[in-house]
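I have placed the structure first, in the form of structure tokens, so that the comments after it can refer back to it.
Since the structure is predicted, the reported quantities are computational estimates derived from the model, not experimental observations. One is the number of the first residue; the rest follow in order along the sequence.
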Amino acid sequence: MATLAVTGHMDLTEASVPLVRTALRELLQNHLDQLVGVSCIAAGSDSLFAEEVIEAGGRLVVVLPSQDYRAAKVKPDHAALFDRLVAAAAEVLVMPHETANRQAYESANAVLLERADRLVAVWNGEPPSGKGGGTADVVLAAREKGLPVDVVWPRSAARCG
């Protein structure tokens, strides 16, 4: 059994989405035997990964950073997909934080790393922003734990802005 957790950028350009989706699909092909995917299902990379885990016949585990995450942080353009992924999940873990904040995100990221055999990082390789809880921070924490990290960043991928 392979348990893969995901971290990744939320702000992929529209043109990057199919590139990242294809790269994730190809990566998951190497882990199809009793695949478990662990994701916070945020917009962007987390949700793309979750969709590909389900498409591959894997078991999705959703980790929500806080009790108010859906109401406070899920934007209207992501709500339908978020709800579909929660409904499709084999397991949904809600962190014991009332409010989505830095501490809640760090707790959720810690659970991702605890549950995973490998980390999939949809990451452009840039260093941490200093805000904490971002993609680069999760990659560094995984590497410190000795967890293998598969970086997914197709050649033409880009972030908005």
Side-chain angles (χ1 to χ4, degrees), residues 1-65 69-70 73-90 92 100 105-106 108-109 111-113 115-145 147-161:
M1 176 166 60
T3 300
L4 283 70
V6 69
T7 188
H9 299 304
M10 295 176 66
D11 58 349
L12 299 172
T13 63
E14 190 174 324
S16 297
V17 170
L19 301 172
V20 169
R21 183 182 299 281
T22 298
L24 288 169
R25 187 175 299 136
E26 290 170 1
L27 184 140
L28 292 177
Q29 292 301 311
N30 299 322
H31 302 282
L32 292 180
D33 186 38
Q34 298 183 358
L35 172 66
V36 176
V38 185
S39 175
C40 292
I41 65 171
S45 303
D46 287 11
S47 290
L48 290 173
F49 172 84
E51 287 180 298
E52 291 305 317
V53 166
I54 292 166
E55 183 69 27
R59 181 176 178 266
L60 177 62
V61 175
V62 169
V63 180
L64 300 179
Y69 186 79
R70 168 68 170 82
K73 294 297 180 179
V74 178
K75 295 187 175 18
D77 64 340
H78 181 58
L81 175 57
F82 181 92
D83 292 342
R84 280 195 310 274
L85 293 172
V86 167
V92 178
Y105 296 130
E106 289 175 358
N109 289 335
V111 169
L112 292 177
L113 297 180
R115 303 270 309 241
D117 299 319
R118 303 185 72 82
L119 179 68
V120 176
V122 181
W123 176 48
N124 63 2
E126 292 183 8
S129 66
K131 297 178 192 173
T135 301
D137 297 299
V138 179
V139 170
L140 292 175
R143 288 179 173 160
E144 286 173 10
K145 285 184 63 156
L147 196 65
V149 177
D150 296 307
V151 175
V152 172
W153 196 251
R155 180 183 293 279
S156 299
R159 297 175 73 180
C160 297

request  = Quickly, which of V6, V151, L147 forms a side chain to side chain contact (heavy atoms under 4.5 Å, CB included) with L119? Name it, please.
outcome  = L147

query = What residues form a side chain to side chain contact (heavy atoms under 4.5 Å, CB included) with Q34, not counting sequence neighbours?
reply = M1

key: Exam field: side chain S47 to backbone A42, donor-acceptor pair closer than 3.5 Å   = yes

Given V122, L28, V152, the one that forms side chain to side chain contact (heavy atoms under 4.5 Å, CB included) with F49 = L28

query = Looking only at atom types and distance, does a side-chain atom of T3 sit under 3.5 Å from a main-chain N or O of V36, one as donor and one as acceptor?
reply = no

inquiry  = Working to the nearest 0.5 angstrom, can you tell me the gap between L48 CG and M10 CE?
reply    = 11.5 Å

query = Does D137 reach the main-chain N or O of G134 with its side chain, forming a donor-acceptor pair under 3.5 Å?
reply = yes

task = Check each of T135, L24, L12 against S45 using the side chain to side chain contact (heavy atoms under 4.5 Å, CB included) test, and report the only one that passes.
result = L12

inquiry  = Donor-acceptor check, side chain of H78 to backbone of I41, threshold 3.5 angstrom: yes or no?
reply    = yes

query = Quick one: CZ on F82 to CG on D77, what's the gap to the nearest 0.5 Å?
reply = 13.0 Å

message = Could you measure the distance from the CG atom of D46 to the CG atom of L85? Nearest 0.5 Å is fine.
response = 10.0 Å

message = Show me the pairs that pass salt bridge (charged side-chain N to carboxylate O under 4.0 Å, His left out) and involve residues 31-44, at least two apart or across chains.
response = none

inquiry  = Nearest 0.5 Å, please: how far is NZ in K73 from CG in L64?
reply    = 14.0 Å

Below 3.5 Å, can you tabulate the donor-acceptor pairs from side chains in residues 55-62 to any protein atom, sequence neighbours excluded?
{"residue": "R59", "atom": "NH2", "partner": "E91", "partner atom": "OE1", "Å": "3.4"}

message = Within this structure, what is the CD-CZ distance for the pair E51 and R21, rounded to the nearest 0.5 Å?
response = 4.5 Å

query = Checking H9 side chain against R159 main chain: does a donor-acceptor pair fall under 3.5 Å?
reply = no

query = Which of parallel (below 30°), tilted (30 to 60°) and perpendicular (above 60°) describes Y105 and Y69?
reply = perpendicular

